[in-house]
There are 2 protein chains.
Amino acid sequence: MLGHMGLSIGQVAERTGLSVHALRFYEKEGILAHQVHRGPGGRRVYTEQDLAWLRMCIMLRMSGMPVPEIRRYTDLVRQGDGNEPQRLDILKEHQERVRQQMAQLQECMDLITHKVSMYEDYVNSIDARAVAQ
Amino acid sequence: MLGHMGLSIGQVAERTGLSVHALRFYEKEGILAHQVHRGPGGRRVYTEQDLAWLRMCIMLRMSGMPVPEIRRYTDLVRQGDGNEPQRLDILKEHQERVRQQMAQLQECMDLITHKVSMYEDYVNSIDARAVAQ
DNA sequence: CTACGAAGTAGAGCCGACTCTAGGTCAAGA
DNA sequence: TCTTGACCTAGAGTCGGCTCTACTTCGTAG
């Protein structure tokens, strides 16, 4: 309905997979890089840039970055040029956490895979015996 | 203090990294394969088997299996032989979820790594300019 | 004795990240 | 005209997984 000039909160929800509740929550929490413009009736109008930023936030959340830390990062970006080293620090720290999380997950995966194959062997051997009878 | 015959809750907490609170919580939630034996004064005495089971539960939790699902699995094990296919189902479903989670995490990692290298390049170029002056 | 530390139970509290409710505005369609 | 549906705000509620509190009971060390 808003055409190429902007997206309604519902459209953004649809495109991002977030709920409209979550979108308002994120805004209140200050993790949107720039203030969302308002259209007639005080309705939110999102730009493609807002959408792009949101998609990055979603990635950060998915990988376990807490909302307050996303806000710290967002604040730096909002403040403009000059604090790139601090932004880099936040990203590198998070990168390291994600790396560890993946390693941990891989360890779990190995155990699970091992158990799965044990059970598969067992279940197959039962089936084979049943067929033989 | 309990020697080779068993471990106190404190010792298990130390060995597993769980808190004593969490250990009691897990027991209450019924995710221990076998009832924990009690020593003098009603104190819990854990065997090495309990410890091994706990370590597996920790892996399942770490990889995001909810406590109720661990209980379902535990219940099957407690029931004894004959339900191996159901146990296998639970494990395979979880395995698939972990697989997806890892793929997601890898996607996030790629984005973060990309941003990190962009910021590193930028910060280095600033440094280089400063040195040149 | 007294005090300490580690254990026990039952149940309340906390935290993060949403999610939902209540009550209202507004525009378009039947 | 009336209803529907998407949106608005402020604030309450939910859920999972612990974590903590309050109070008790032991066994040992000073």
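Within every chain, numbering begins at 1; the chains are lettered A, B, ... in the order of the sequence lines, protein sequences first and strands thereafter. In this text, all values refer to a predicted model and were calculated from it rather than measured experimentally.
The footprint of chain B on DNA chain C, defined by a heavy-atom cutoff below 4.0 Å, extends from dA6(C) to dT9(C).
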Are any protein N/O atoms closer than 3.5 Å to N/O atoms in nucleotides 21-27 of chain D? If there are, list each pair with its distance.
none

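For Q95(A), the side chain to side chain donor-acceptor pair (under 3.5 Å) partners at least two apart in sequence or on another chain are T113(B). Scanning for salt bridge (charged side-chain N to carboxylate O under 4.0 Å, His left out) contacts around R61(B) gives an empty result, with sequence neighbours left out. Under the salt bridge (charged side-chain N to carboxylate O under 4.0 Å, His left out) criterion, R129(B) pairs with no residue at all, not counting sequence neighbours. Every residue two or more places apart in sequence or in another chain was checked for a salt bridge (charged side-chain N to carboxylate O under 4.0 Å, His left out) with D127(A), and none qualifies. In this view, R87(A) satisfies the salt bridge (charged side-chain N to carboxylate O under 4.0 Å, His left out) rule with no residue, not counting sequence neighbours.
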Per-pair distances, 0.1 Å, donor-acceptor, side chain in residues 50-58 of chain A, under 3.5 Å, sequence neighbours excluded:
from, atom 1, to, atom 2, distance (Å)
D50(A), OD2, T47(A), N, 2.9
D50(A), OD2, T47(A), OG1, 3.3
W53(A), NE1, I31(A), O, 2.8
R55(A), NH1, R15(A), O, 3.4

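Counting heavy atoms of neighbouring residues, nucleotides and ligands inside a 6.0 Å radius, atom CD of Q100(A) exceeds 12 of them.
Within the structure, the salt bridge (Lys or Arg N to Asp or Glu O under 4.0 Å) test picks out the following pairs touching residues 98-116 of chain B (sequence neighbours left out): E96(B)-R99(B).
Computed from C1' positions of five pairs at each end, the angle between the two local axes of the helix from dC1(C)-dG30(D) to dA30(C)-dT1(D) equals 20°, rounded to 10 degrees.
If you check residues 56-71 of chain A against DNA chain C, the residues with a heavy atom closer than 4.0 Å are R61(A), P66(A), V67(A), P68(A), listed by number. Of the residues in residues 26-36 of chain A, not one comes within less than 4.0 Å of DNA chain D through any heavy atom.
Rounding to whole angstrom units, CG of residue L7(A) and C1' of dA6(D) are separated by 15 Å.
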